[in-house]
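Every heavy atom of this structure was used, including side-chain atoms; hydrogens, water molecules and symmetry mates were not.
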Amino acid sequence: MSAETTAARATSGDFDAEGPIDCVQRDGLPMGRCIARVARAPGGEATIVITFENSFTRTLFFEDSAFLRANTTMSGVGTDTDWRIEEGLHNIRVDDQRFVLPDVLIFGE
């Protein structure tokens, strides 16, 4: 499978896992909670659809267990990114948005 396959599954609502994550939609706001829905494939492939409290969504793509990119939204093109892993947590910034995702949520056990 590829990220394109997990993206197609995510688009059709076929998810492997769902859970709350820490997130913030723009600079200057405190961290809040979002819902992350994950479509997974072997080899560290995953597509994650994150929904903010106001129903705005951002999609994150992983390949080979690494953050690859985000989708383009009204908030930005998704190419201004930063990503690091600390103690099993993926800390991701996309444009002005930030997300903290547990490794186990993204890739399973």
Side-chain angles (χ1 to χ4, degrees):
M1 272 189 202
S2 68
E4 291 79 25
T5 303
T6 60
R9 288 185 47 226
T11 299
S12 70
D14 181 14
F15 295 105
D16 298 298
E18 175 181 314
I21 63 163
D22 291 333
C23 64
V24 66
Q25 196 164 2
R26 67 178 197 267
D27 281 342
L29 295 177
M31 289 295 269
R33 299 296 267 176
C34 291
I35 297 297
R37 293 172 179 86
V38 184
R40 300 180 187 128
E45 312 288 338
T47 298
I48 304 169
V49 178
I50 298 170
T51 305
F52 290 92
E53 289 181 354
N54 64 2
S55 299
F56 179 85
T57 61
R58 171 69 84 171
T59 303
L60 307 178
F61 303 94
F62 286 77
E63 287 187 6
D64 299 321
S65 300
F67 174 66
L68 180 64
R69 64 183 177 84
N71 67 324
T72 301
T73 69
M74 291 175 19
S75 297
V77 296
T79 56
D80 180 12
T81 64
D82 185 42
W83 168 67
R84 70 185 187 288
I85 301 173
E86 293 177 354
E87 299 179 14
L89 296 174
H90 294 254
N91 294 275
I92 299 171
R93 182 190 54 77
V94 178
D95 302 319
D96 289 335
Q97 300 167 347
R98 289 179 291 145
F99 310 95
V100 180
L101 297 111
D103 194 66
V104 69
L105 177 64
I106 301 169
F107 304 113
E109 295 186 66

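- Residues that satisfy the side chain to side chain donor-acceptor pair (under 3.5 Å) test with Arg33, not counting sequence neighbours, are Asp22.
- Nearest heavy atoms, Leu101 versus Ala36: CD2-CB, 4.4 Å.
- If you chain together hydrophobic residues whose side chains sit under 4.5 Å apart, Val104 and Phe62 never meet in one group.
- Salt bridge status for Asp96 with Arg26: absent, with no side-chain N to carboxylate O gap under 4.0 Å.
- Residue Thr47 holds its OG1 atom at 14.5 Å from CZ of Arg37, rounded to the nearest 0.5 Å.
- Residue Ile35 is not grouped with residue Phe107 when hydrophobic side chains (ILVMFWY) are merged at heavy-atom distances under 4.5 angstrom, including chains of intermediate members.
- Note: the hydrophobic cluster containing Val94 also contains Ile85 (ILVMFWY, side chain heavy atoms under 4.5 Å, direct or indirect links).
- Every residue two or more places apart in sequence or in another chain was checked for a salt bridge (charged side-chain N to carboxylate O under 4.0 Å, His left out) with Glu53, and none qualifies.
- Rounded to the nearest 0.5 angstrom, Glu63 CD and Glu45 CD are separated by 5.0 Å.
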Are His90 and Phe67 close enough, and set up right, to give a side chain to side chain contact (heavy atoms under 4.5 Å, CB included), and what steps lead you there?
-> CA-CA 9 Å; His90 294 254; Phe67 174 66; 5.8 Å; no
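- Listed for the Arg93 side chain is a donor-acceptor partner under 3.5 Å among the backbone atoms of Asp80.
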Given side chain to side chain contact (heavy atoms under 4.5 Å, CB included), test Asp95 with Arg58 step by step and report yes or no.
-> CA-CA 11 Å; Asp95 302 319; Arg58 171 69 84 171; 3.0 Å; yes
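- To the nearest 0.5 angstrom, Asp14 atom CG is 11.5 Å from Thr5 atom OG1.
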In sequence, state the C-alpha distance, the side-chain angles, and the governing distance for Asn71 and Phe61, and then conclude on side chain to side chain contact (heavy atoms under 4.5 Å, CB included).
-> CA-CA 8 Å; Asn71 67 324; Phe61 303 94; 4.3 Å; yes
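- Residues Ala10 and Ala39 approach most closely at N-CB, 4.1 Å, considering heavy atoms.
- Judged purely by atom type and a 3.5 angstrom limit, Asn54 uses its side chain to pair as donor or acceptor with the backbone of Phe56.
- With sequence neighbours excluded, no residue forms a salt bridge (charged side-chain N to carboxylate O under 4.0 Å, His left out) with Asp103.
- With sequence neighbours excluded, no residue forms a side chain to side chain donor-acceptor pair (under 3.5 Å) with Asp27.
- Placement of Leu60 and Trp83 within a single hydrophobic cluster is found when ILVMFWY residues are connected by side-chain heavy-atom separations under 4.5 Å, directly or transitively.
- Placement of Leu29 and Phe99 in two distinct hydrophobic clusters is found when ILVMFWY residues are connected by side-chain heavy-atom separations under 4.5 Å, directly or transitively.
- For Cys34, the side chain to side chain contact (heavy atoms under 4.5 Å, CB included) partners at least two apart in sequence or on another chain are Ile21, Cys23, Ile50, Phe52.
- Other residues sharing a hydrophobic cluster with Phe15 under the 4.5 Å side-chain heavy-atom criterion for ILVMFWY residues are Val49.
- Here the CD1-OG1 distance, from Ile48 to Thr51, works out to 12.0 Å after rounding to the nearest 0.5 Å.
- The minimum heavy-atom distance between Arg40 and Asp16, with the atom names listed, is N-OD2, 2.6 Å.
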